[in-house]
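Below you'll find the structure, written out as structure tokens, and then a few comments.
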Protein chains: 2
Amino acid sequence: MKKLKYSRQRESIKSFLATRTDHPTADTIYEKLREDFPNISLGTVYRNLALLESLGAITKISSNSGADRYDSNTDLHNHFICSKCQRVIDLEMESIDHIKELAARQFNGTIDGYIAHFYGLCNECQ
Amino acid sequence: MKKLKYSRQRESIKSFLATRTDHPTADTIYEKLREDFPNISLGTVYRNLALLESLGAITKISSNSGADRYDSNTDLHNHFICSKCQRVIDLEMESIDHIKELAARQFNGTIDGYIAHFYGLCNECQ
DNA sequence: CTGCATGCAAATCTTTTGCATAAGA
DNA sequence: TCTTATGCAAAAGATTTGCATGCAG
């Protein structure tokens, strides 16, 4: 496989994401990075996000509507997704790891991980 | 609000979905419905799926890749999503409803529901 | 009749990709 | 110099929408 080469853009994407807990979309990241790299392209942002995800450095979150979101917190944690504004909020809840066992008991295959998405209306929307 | 009017297409979409447990995409449904309605359009399929979802008759499932999938089983249940072939499999597992309480304890808003997605490789892919 | 639903096509939105050039090692 | 990364633009994939016409009530 090919060797990874340093890139200022990629580092910037990674460090920007590390400052945010609100799971920005690729486009939000793009708009922000334009401050430092006026000519950066959305393609570069998507390419790097996919690369970082494949390296396990970040996580992608898809919900039922809108663009995918990205999360620099790769620790196992769950999300609350607002049904109205689509905001994604981290839940620092007690471990629910045992649900993986319950699932494994039902499913005749290998379960590598899980993510639980809770939904409802966030404080701002209700 | 406006009144719902019967449509053969919508009934057909609903009953076709009821026969499947593999969570087809809008396009799969479209191809199937063309057997009975040669001129049906994808737009009609999407419009009816959105309508049925808003009525609570079906559920939409988004995963990290590929098109959204639709599920006629609106009972609370969780899914296994294959990381390789993207197959979505229902998990008839023991209740994990208590995780909702754990989440509510952390989140200062209203939690209406949740869905847990387990991932890994399915039998065919490993 | 009246209004919701459809078919068709164009438009949108999000993400991916090809290619020539720039930059890291 | 060699190879990976970038910018730009076009392409692709999924979903939505405007509009004239069809069909249910």
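Numbered from 1 within each chain, the chains take letters A, B, ... in sequence-line order. Being a predicted model, the structure only gives us computed values, none of them experimental.
- Taking each heavy atom of B/Asn78 and B/Met93 in turn, the nearest pair found is ND2-SD, 3.8 Å.
- For B/Tyr46, taking side-chain heavy atoms from C-beta onward, the closest of the listed nucleotides D/dA5, D/dC8, D/dT15 is D/dT15.
- Rounded to the nearest 0.5 angstrom, A/Ile61 CD1 and A/Asn73 CG are separated by 9.0 Å.
- Considering only side-chain atoms of A/Arg47, the nucleotide from C/dG7, D/dA5, D/dT6 that sits closest is D/dT6.
- Side-chain proximity of B/Tyr6 to D/dG25, C/dG7, D/dG7: nearest is D/dG25.
- For B/Ile40, the side-chain atoms get nearest to C/dG7 when compared with the rest of C/dG7, D/dT15, C/dC19.
- Side chain of B/Ser83 to backbone of B/Gly120: a donor-acceptor contact under 3.5 angstrom is found.
- At whole-Å resolution of the value, CG in A/Asn39 and C1' in D/dA5 are 15 Å apart.
- Rounded to whole Å, atom P of C/dT6 lies 14 Å from atom CD1 of B/Ile29.
- Residue whose closest nucleotide on DNA chain D sits further toward the 5' end, between B/Thr44 and B/Arg8: B/Thr44.
- Checked against D/dA5, C/dG7, D/dT15, the side chain of B/Leu42 finds its nearest nucleotide in D/dT15.
- In this structure, B/His79 and B/Ile89 have side chains that are not in contact, with every pair of non-hydrogen atoms separated by 4.5 Å or more.
- When heavy atoms are screened at a 4.0 angstrom cut-off, B/Gly66 is found touching no nucleic acid atom at all.
- Going from atom CZ of A/Arg10 over to atom P of C/dA23 covers 15 Å, rounded to whole Å.
- Put simply, CG on B/Leu51 is 13 Å from P on D/dT16, counting in whole angstrom units.
- Rounded to an integer number of Å, the gap from CG of B/Asp27 to C1' of D/dG13 is 10 Å.
- Distances from the side chain of A/Lys5 to the nucleotides C/dA25, C/dC19, D/dT15 place C/dA25 closest.
- Between D/dT15, C/dA5, D/dG7, one nucleotide has an atom nearer to the side chain of B/Ser7 than all others, and that is C/dA5.
- Annotation: the span from B/Arg10 atom CZ to B/Lys5 atom NZ amounts to 10.5 Å, rounded to 0.5 Å.
- In this structure, of D/dT15, D/dA5, C/dC8, it is D/dA5 that holds the atom nearest to the side chain of A/Leu4.
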